[in-house]
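Every number for a ligand or one of its atoms is a count from 1 in the order of the listing.
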Amino acid sequence: VTNQPAHELDRGSCVHIENCFVPTSEIIAVEETDLNKKQRNSGKWQKMAKPHAFTVYYVKKARNHRWRCSDVTFWCVDEQLCNQWIQALKELLELQTRPKHLLVYINPYGGKRQGKRIYEQKVAPLFSLASISTDVFVTERANHAKDNLFEVNINKYDGVVCVGGDGMFSEVMHGLIGRMQKDSGIDQNNPKAPLVQCNIRIGIIPAGSTDCICYSTVGISDPVTSALHIIIGDSQPLDVSSVHHNNTFLKYTVSLLGYGFYGDVLKDSEKKRWMGPMRYDYSGFKTFLSHHCYEGTIYFQPAKHTQGSPRDKDSCRTGCHICRQSEQQLAEEHKKCGLKHEEDEEEWKVIKGKFLAINAVNMSCACPRSPKGLSPAAHLADGSSDLILVRKCSRFDFLRYLIRHTNQDDQFDFSFVDVYRVKSFQFTSKLLEDNESDVTDIGKKHFGQFCRDHPACCCSIANSTWNCDGETLNSSAIEVRVHCQLMKLFARGIEENCKEAASNQSTVEQLL
Ligand SMILES: Nc1ncnc2c1ncn2[C@@H]1O[C@H](COP(=O)(O)OP(=O)(O)OP(=O)(O)O)[C@@H](O)[C@H]1O
Ligand SMILES: CCCCCCCCCCCCC/C=C/[C@@H](O)[C@H](CO)NC(=O)CCCCC
Ligand SMILES: [Ca+2]
């Protein structure tokens, strides 16, 4: 069997694929080649007496974590040998645990409103090549996908795919985690309830405005790359934080939970949805100029179980040992049940102050706008969140801080920025602390007013809004708890060096 063209083929010849190592785990499909099609394309095959061929479709790794579907055709004069090859490779693929049936939700209005086109033109043909069958829903309203996930026969599917942005992913995640807890009789309103892990993986086809969850877990926001990670059945566990207020469940979050700057950007940008992804630049600039700071108290429990620190130079990468260690600890904790009570006894630290931004991130939050993210050393699955406190500072200093998100300089190396790795935290605004009575009226009365003591100061008396993965929360006082590896994605984290990873596994060439 050779990958030389058929007109050069003699019985018994055996030629290597030119420098092409493909791990079996990265073969997309194997098909008998339609020679009629080939013959139509090129007259030279017509001279051959009945050649046989099969095509191997495989993942080709390009620059910047981009994956493409490439193919190589193997020619053979012996029909039986050719069929044996097809059979052997198909058997190898069967051994891989890959999704066969997927549930797909498309948000046609996310990002630049290209979700449906992206799925139909770039993703569906690849799923069909890999013999994956799909049930596709194009959503008609917000929460359509989430509601649907409570009704469908979820056991029919090997995974759920969402085509859209971080908001669409959040919807699907809420549907899946919520469904899991409902089926297990767990009350989501109880902030201390041990949540049931969600084993049905979610695949993200990026078609949103920020696509930070996709970018931070794959290394690029690219629909074809994500489709290929789904096809080969990659698996990446993910930490999820639950957000409560007064024993009422508000939301889950996996990327950014931000108060102050990012909350205000989001609130303003919601009115400008028609602008598409540009709305964040517009509202970001406006919010930067307004320079509001907010007073409040943060209580947090440091994450002592994990080795890493937010100031580490190394980032979370495929096969991360810090995340793996957390996974082992999690398994041990599941064995001993009493541990949850001890956790509550652990120390709480308290910080009071005036803040321009309070950001809690479960992952780096890297995205095309900020390729290393809000916390470059945050881990995808270590059971912790990085709590970043940006205290009141000048507009110039805040600009310096923001610019460092876009270059290689350390954004935590400022006197007004503190960062902690935490497993839970609580926040209460000064406004709520001072007036525990009728918060809504107070909010209305003081909205738009500033600190009475210092008229020139930018401390807003009103509360900011929490930005929870791109959705606003109704309460400013929140309690947050990280749930280690509560769910899984069809991803593998960001690869350190793609070539190295590829050469460690069995290859098509070795088979030859
Ligand atoms: N058919 C629909 N009509 C209106 N809203 C929808 C529909 N389907 C989903 N949504 C909602 O749209 C919101 C935003 O969608 P999405 O996240 O896909 O795009 P985005 O906000 O542009 O991107 P990003 O979240 O990455 O910034 C989601 O919260 C989702 O609940
Ligand atoms: C002078 C140049 C300064 C440039 C500063 C750029 C800093 C960019 C950091 C971006 C961090 C994104 C965090 C991700 C948040 C998502 O969960 C959320 C939903 O998609 N997106 C936003 O809230 C949208 C947030 C957009 C903020 C601009
Ligand atoms: Ca984490």
Side-chain angles (χ1 to χ4, degrees), residues 105-113 115 137-146 162-172 174-175 204-216 221 237-241 253-258 261-267 269-270 273 275-277 279-285 287-288 303 306 308 310 316 320 322-323 326 359-375 377-386 398-407 411 421-423 467-472 482-485:
Y105 293 106
I106 304 174
N107 175 3
Y109 302 116
K112 295 182 187 151
R113 302 181 170 223
F137 284 81
V138 178
T139 61
E140 287 162 6
R141 58 176 172 86
N143 288 322
H144 196 174
K146 183 181 139 198
C162 63
V163 185
D166 297 321
M168 190 57 190
F169 167 80
S170 168
E171 225 194 79
V172 168
H174 279 82
I204 308 172
I205 302 296
S209 301
T210 316
D211 296 322
C212 131
I213 302 160
C214 176
Y215 196 101
S216 304
S221 164
L238 217 55
D239 295 335
V240 179
S241 292
T253 165
V254 288
S255 59
L256 167 69
L257 183 58
F261 182 72
Y262 287 103
D264 294 351
V265 171
L266 181 73
K267 194 159 183 199
S269 71
E270 283 297 291
R273 270 212 167 262
M275 286 175 92
R279 69 189 186 279
Y280 289 132
D281 300 311
Y282 170 84
S283 299
F285 186 60
T287 308
F288 169 75
T306 162
C316 182
C320 170
I322 289 183
C323 293
S326 289
N359 298 324
V361 297
N362 277 9
M363 55 174 71
S364 69
C365 283
C367 59
R369 271 192 181 80
S370 170
K372 65 186 168 111
L374 290 179
S375 188
H379 287 268
L380 292 172
D382 67 342
S384 81
S385 181
D386 286 353
F398 191 58
L399 182 64
R400 283 170 66 214
Y401 166 72
L402 286 179
I403 288 174
R404 286 201 188 173
H405 290 82
T406 63
N407 61 31
Q411 65 255 54
R421 193 152 279 181
V422 307
K423 61 179 185 180
N467 172 343
C468 180
D469 288 351
E471 308 287 310
T472 54
V482 188
H483 300 265
C484 185
Q485 308 193 0

Peer 1: Taking Arg279 for its side chain and Gly276 for its backbone only, find out whether a donor-acceptor pair lies under 3.5 Å.
Peer 2: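 Flag set: sc Arg279 to bb Gly276 pair under 3.5 Å.
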
Peer 1: For atom 21 (N) of ligand 2, what's the nearest protein heavy atom and its distance?
Peer 2: Thr210 OG1, 3.2 Å

Peer 1: Can you find an N or O of Met168 that's nearer than 3.5 Å to an N or O of ligand 1?
Peer 2: yes

Peer 1: Looking at Thr287, Asn359, Leu257, which hits side-chain contact (heavy atoms from CB on, under 4.5 Å) with Tyr262?
Peer 2: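 Looking at Thr287, Asn359, Leu257, the match for Tyr262 under the side-chain contact (heavy atoms from CB on, under 4.5 Å) is Asn359.
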
Peer 1: Polar-atom distance check: Arg369 versus ligand 2, any N or O pair below 3.5 Å?
Peer 2: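 Among all N and O atoms of Arg369, none is under 3.5 Å from an N or O of ligand 2.
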
Peer 1: Show which atoms of ligand 1 fall inside a sub-4.0 Å distance from at least one heavy-atom site of Glu140.
Peer 2: 1 (N), 2 (C)

Peer 1: Do side-chain atoms of Gln411 reach the backbone of Leu374 as a donor and acceptor pair under 3.5 angstrom?
Peer 2: yes

Peer 1: Using a 4.0 Å cut-off to any heavy atom of Gly470, which atoms of ligand 2 qualify?
Peer 2: 17 (O), 18 (C), 19 (C)

Peer 1: Compare every heavy atom of Cys323 with every heavy atom of Ala381, then report the nearest pair and how far apart it is.
Peer 2: N-SG, 3.4 Å

Peer 1: Side chain of Asp239, backbone of Asn362: donor and acceptor closer than 3.5 Å?
Peer 2: no

Peer 1: Taking the N/O/S atoms of Asp239 one by one, which is nearest to the Ca ion (ligand 3)?
Peer 2: OD2

Peer 1: Does only the side chain of Glu471 get under 4.0 Å from ligand 1, or the backbone, or both, or neither? Count heavy atoms.
Peer 2: side chain

Peer 1: Does a side-chain heavy-atom distance below 4.5 Å link Met168 with Val163?
Peer 2: no

Peer 1: Answer yes or no as to whether an N/O/S atom of Ser385 is found below 3.0 Å from the Ca ion (ligand 3).
Peer 2: no

Peer 1: Please give me the minimum heavy-atom distance between Gly164 and Asp211, naming the atom from each residue.
Peer 2: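 The answer is O-OD1, 3.5 Å.
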
Peer 1: For the residue pair Leu266 and Tyr280, what are the closest heavy atoms and their distance?
Peer 2: CD1-OH, 4.1 Å

Peer 1: So which protein heavy atom does atom 2 (C) of ligand 2 come closest to, and at what separation?
Peer 2: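 Heavy-atom neighbour on the protein nearest atom 2 (C) of ligand 2: Ile403 CG1, 4.4 Å.
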
Peer 1: Nearest heavy atom to atom 7 (C) of ligand 2 wins, so pick from Tyr262, Phe398, Tyr280.
Peer 2: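 It is Tyr262 whose heavy atom sits nearest to atom 7 (C) of ligand 2.
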
Peer 1: From the options Gly165, Pro206, Ser170, select the one whose nearest heavy atom is closest to atom 18 (O) of ligand 1.
Peer 2: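 When every heavy atom of Gly165, Pro206, Ser170 is considered, Gly165 comes closest to atom 18 (O) of ligand 1.
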
Peer 1: For ligand 1 and Pro108, I'd like to know whether there is a polar contact (N/O to N/O, distance under 3.5 Å).
Peer 2: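 Looking only at distances, the answer is no, because the N/O contact criterion of under 3.5 Å is not met.
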
Peer 1: Between Arg279 and ligand 1, which residue portion shows a heavy-atom distance shorter than 4.0 Å: side chain, backbone, both, or neither?
Peer 2: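 Looking at Arg279 and ligand 1, just side chain atoms fall under 4.0 Å.
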
Peer 1: Would you mind telling me if ligand 2 is within reach of the side chain of Asp211, the backbone, both or neither, using heavy atoms under 4.0 Å?
Peer 2: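 None of Asp211 does.
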
Peer 1: Might you point out which heavy atoms bring Pro310 and Ala377 nearest each other, and give the distance in Å?
Peer 2: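 For Pro310 versus Ala377, the nearest heavy atoms are O-CB, 3.7 Å.
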
Peer 1: Between Ser241 and Thr253, does the side chain to side chain contact (heavy atoms under 4.5 Å, CB included) criterion hold? Intermediate values first, please.
Peer 2: CA-CA 5 Å; Ser241 292; Thr253 165; 3.7 Å; yes

Peer 1: May I ask you to check whether Ser255 has an N/O atom sitting below 3.5 Å from an N/O atom of ligand 2?
Peer 2: yes

Peer 1: Using a heavy-atom cut-off of under 4.0 Å, does the side chain or the backbone of Lys146 touch ligand 1, or both, or neither?
Peer 2: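 No part of Lys146 is near ligand 1 at this cut-off.
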
Peer 1: Taking just the N, O or S atoms of Asp382, which one is nearest to the Ca ion (ligand 3)?
Peer 2: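 Atom name of the closest N, O or S in Asp382: OD1.
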
Peer 1: If you have a sec, work out which protein heavy atom is nearest atom 19 (O) of ligand 1 and how many Å separate them, to one decimal?
Peer 2: Gly110 CA, 3.4 Å

Peer 1: Is Asp166 reaching over with its side chain to a backbone N or O of Asp469, donor-acceptor style, under 3.5 angstrom?
Peer 2: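 The answer is no, because no donor-acceptor pair under 3.5 Å joins these two groups.
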
Peer 1: Which ligand 1 atoms does Glu171 reach within 4.0 Å, using its non-hydrogen atoms?
Peer 2: 9 (C), 30 (C), 31 (O)

Peer 1: For atom CZ of Arg400, is the number of surrounding heavy atoms from other residues, nucleotides or ligands below 6.0 Å larger than 12?
Peer 2: yes

Peer 1: To check your reading of the model: name the closest protein heavy atom to atom 23 (O) of ligand 2, its residue, and the distance in Å.
Peer 2: Asn467 ND2, 2.8 Å

Peer 1: Could you tell me if any non-hydrogen atom of His144 lies under 4.0 Å from any atom of ligand 1?
Peer 2: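 The answer is no, since His144 has no heavy atom less than 4.0 Å from ligand 1.
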
Peer 1: Could you find the nearest protein heavy atom to atom 22 (O) of ligand 1 and give me its residue, atom name and distance?
Peer 2: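 The closest one turns out to be Ser209 OG, 2.6 Å.
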
Peer 1: For Ser221 versus Pro206, what's the shortest heavy-atom pair and its separation?
Peer 2: OG-CB, 3.5 Å

Peer 1: Backbone N or O of His405 within a donor-acceptor pair of the Ser370 side chain at under 3.5 Å?
Peer 2: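 It does hold such a pair.
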
Peer 1: At a threshold of 3.0 Å, where the distance has to be below it, does the Ca ion (ligand 3) have an N, O or S atom of Met363 nearby?
Peer 2: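 It does not; every qualifying atom lies at 3.0 Å or beyond.
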
Peer 1: Looking only at protein heavy atoms, which one is nearest to atom 12 (C) of ligand 2, and what is the separation?
Peer 2: Cys367 SG, 4.0 Å

Peer 1: How far is atom 3 (C) of ligand 2 from its nearest protein heavy atom, and which residue and atom is that?
Peer 2: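 For atom 3 (C) of ligand 2, the nearest protein heavy atom is Leu402 CB, 4.0 Å.
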
Peer 1: Are Tyr215 and Ser364 packed together at the side-chain level, in the sense that at least one heavy-atom pair is separated by less than 4.5 angstrom?
Peer 2: no

Peer 1: Can you tell me which residue and heavy atom of the protein come closest to atom 28 (C) of ligand 1, and the distance to 0.1 Å?
Peer 2: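 Protein heavy atom with the smallest distance to atom 28 (C) of ligand 1: Gly167 C, 3.7 Å.
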
Peer 1: Take the angle between the ring planes of Phe398 and Phe288 and call it parallel below 30°, perpendicular above 60°, tilted in between.
Peer 2: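 It falls in the parallel class, under 30°.
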
Peer 1: Using a 4.0 Å cutoff against the non-hydrogen atoms of Asp469, which atoms of ligand 2 qualify?
Peer 2: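 Numbered from 1, ligand 2 contributes 17 (O), 19 (C).
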
Peer 1: Have a look at ligand 1 and work out which part of Arg273, if any, has a heavy atom under 4.0 Å from it: side chain, backbone, both or neither.
Peer 2: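 The side chain, only.
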
Peer 1: Side chain, backbone, both or neither: which part of Tyr280 comes within less than 4.0 Å of ligand 1 when only heavy atoms are counted?
Peer 2: side chain

Peer 1: Just go through Asp469, Leu266, Thr139 and tell me whose heavy atom is the nearest to atom 1 (N) of ligand 1.
Peer 2: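 Residue with the shortest heavy-atom distance to the ligand atom: Thr139.
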
Peer 1: What atoms of ligand 1 come closer than 4.0 angstrom to any heavy atom of Gly164?
Peer 2: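 Per the distance check, 18 (O).
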
Peer 1: Identify, for atom 4 (C) of ligand 1, the protein heavy atom at the shortest distance, and state residue, atom and that distance.
Peer 2: Ala142 N, 3.8 Å

Peer 1: Does an N or O from Thr406, backbone or side chain, lie closer than 3.5 Å to an N or O of ligand 2?
Peer 2: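 No; the residue has no nitrogen or oxygen that sits under 3.5 Å from a nitrogen or oxygen of the ligand.
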
Peer 1: Hey, does Tyr109 come in under 3.5 Å of ligand 1, counting only N/O atoms on both sides?
Peer 2: no

Peer 1: Minimum heavy-atom separation for Met363 to Ala378, with atom names?
Peer 2: C-CB, 3.6 Å

Peer 1: Any N/O of Gly111 closer than 3.5 Å to an N/O of ligand 1?
Peer 2: yes

Peer 1: Just which atoms of ligand 2 are under 4.0 Å from any heavy atom in Asp166?
Peer 2: 16 (C), 19 (C), 20 (O)

Peer 1: Checking Lys423 side chain against Cys484 main chain: does a donor-acceptor pair fall under 3.5 Å?
Peer 2: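 The answer is no, because no donor-acceptor pair under 3.5 Å joins these two groups.
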
Peer 1: Cut-off 3.5 Å, side chains only: do Arg421 and Thr306 have a donor facing an acceptor?
Peer 2: no

Peer 1: Is any side-chain heavy atom of Asp281 closer than 4.5 Å to one of Arg369?
Peer 2: yes

Peer 1: Taking the side chain as everything from C-beta on, heavy atoms only, tell me whether Glu171 gets closer than 4.5 Å to Cys162.
Peer 2: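 A side-chain contact is absent here, since even the closest heavy-atom pair is not under 4.5 Å.
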
Peer 1: Considering only the protein, which heavy-atom contact is closest to atom 12 (O) of ligand 1, and what is its distance?
Peer 2: Asn107 ND2, 3.4 Å

Peer 1: Just give me the atom name: the N, O or S atom of His379 closest to the Ca ion (ligand 3).
Peer 2: O

